2 protein chains.
Amino acid sequence: MLAKVKSDMKTRDKIINTAIQLFNEQGTKAVSTNHIASAIGISPGNLYYHFRNKEDIIRAIFEQMDAYGLEQYQIILNKYWPGTIDAMEQTFIMIQEFNWRYRFFKRELTTLIMNDPLLEEGFHSTNRQMLDMIRYTIDCGIANGSIKVMNDTKKGSFADAIWLVALFWLNYLEVGGEEVNELTLRRGSDVLRTVLQPYLTGEILAK
Amino acid sequence: MLAKVKSDMKTRDKIINTAIQLFNEQGTKAVSTNHIASAIGISPGNLYYHFRNKEDIIRAIFEQMDAYGLEQYQIILNKYWPGTIDAMEQTFIMIQEFNWRYRFFKRELTTLIMNDPLLEEGFHSTNRQMLDMIRYTIDCGIANGSIKVMNDTKKGSFADAIWLVALFWLNYLEVGGEEVNELTLRRGSDVLRTVLQPYLTGEILAK
DNA sequence: TCCACGTTAGAGTATTTATTCTAAAGTAGA
DNA sequence: TCTACTTTAGAATAAATACTCTAACGTGGA
């Protein structure tokens, strides 16, 4: 569930939150700056006082995303040991919730970064960090004996496979016409497990 | 490589091919009907004689996609036995080439089908057929002994995993900032193999 | 040759969109 | 209260966009 657009919120934050909501509902193409302004009940002039243009709003949303993602990841780091199956599954669920919250972004990702070099660099950076994180997790798993030993090439493909599932499971559901709910998210975990399981060592063959 | 927009081509086909090219380059949002018309060197009126509106053009492209995809699939069916690893890998490569040819479509898929119920129904139908095809392939593989026996739930997850990789490998490359070329497409095959291999029976453990 | 019909050009329009500008309205401290 | 600064409203605009309309053009058959 998205945070409510509270009336005691600063105008700048109202704009960001309303933009996220409208973008999620209708896509960035269909939502104009005037739409956003009138949805909040402020004037276009006011909106342009806070943001130079629409692109600027999207960049601000991306910054919020980055901060939120980091925050959520810290929470998991404090709860689980890296390289454990629990940590991986929890991270997967966390990523799905994140992707759902900002779903317009993943839906239009390629187009968005095609038209904004700053956004492109920003996303690529985050993307690299995530892949590094997964590779690190795999190394931890190998070190603690829960993941089978594999060579570097295989490790790369394995990390790609995992990240691909995590990154696009929501899109997969959407383009397949399936509702996003607890059941279908759980199915995502199943798919992830189907990819992971064969590379886990014997003892941890959960359900 | 995309087919050239030949000068002896019918206007309707010129519109479709030019639209594909421009959509691929700039996204559907940035390309107006006037852009398409002037890129071909015809009048807007002429374009609207052949198509009711922009949506209509996109639908026509989708129909072309469907026909082209079916045609390509037939070619593979005539060359390989279903359920063999060769058939799967060739189909994967074929899908990547298909996705590249119509790359704007996959990039904007969710937004496109969100705004056009006809397109939505069309894509869902194709999507279902592809999943059925994969499930059938798995069954064939189990029957001919190249794929390990698994229960129906597992089979479902396995099919989802395979289709997810095939469907989004190109997007994965693009959002990761990687060029699409033979090398990166081959890496896609590696990722697919990473998912497949553990579920294959011993004898076919190709490199 | 002429007719009919499919095709095309190009001007025109209503609407939308992003953005700017100016003046007014808070607001907070001295 | 005065003052200076931030925030806001709302009118205005330039450009783009999707789409329409009418008149002309071309072509193939009678």
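From a predicted model like this one, the values you see are computed outputs, not experimental measurements. Letters A, B, ... are given to chains in the order of the sequence lines, protein chains preceding strands, and every chain is numbered from 1.
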For each nucleotide in nucleotides 4-20 of chain D, reading 5' to 3', give B when a protein heavy atom comes within less than 4.0 Å of its base, S when such contact involves only the sugar-phosphate, and - otherwise. --SBBBB------SBBB
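- Checking A:Asn46 against A:Ser43 by side-chain atom types alone, no donor-acceptor pair falls below 3.5 Å.
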After noting the C-alpha distance and the side-chain angles of A:Arg187 and A:Glu178, does the key distance pass the salt bridge (charged side-chain N to carboxylate O under 4.0 Å, His left out) rule? CA-CA 11 Å; A:Arg187 260 186 52 218; A:Glu178 299 193 72; 2.6 Å; yes
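- Between B:Phe98 and B:Tyr68, the ring planes are parallel. Angles under 30° get that label, and only those over 60° would be called perpendicular.
- Put simply, NZ on B:Lys14 is 8 Å from P on C:dT8, counting in whole angstrom units.
- Residue pairs meeting the side chain to side chain donor-acceptor pair (under 3.5 Å) criterion with at least one partner in residues 75-85 of chain A, sequence neighbours excluded, are absent.
- When the C1' atom of C:dT8 is taken as reference, atom CD1 of B:Ile40 falls 13 Å away, rounded to whole Å.
- Looking at A:Arg59 and A:Glu63, no side-chain N of the basic residue comes within less than 4.0 Å of a carboxylate O on the acidic one, giving no salt bridge.
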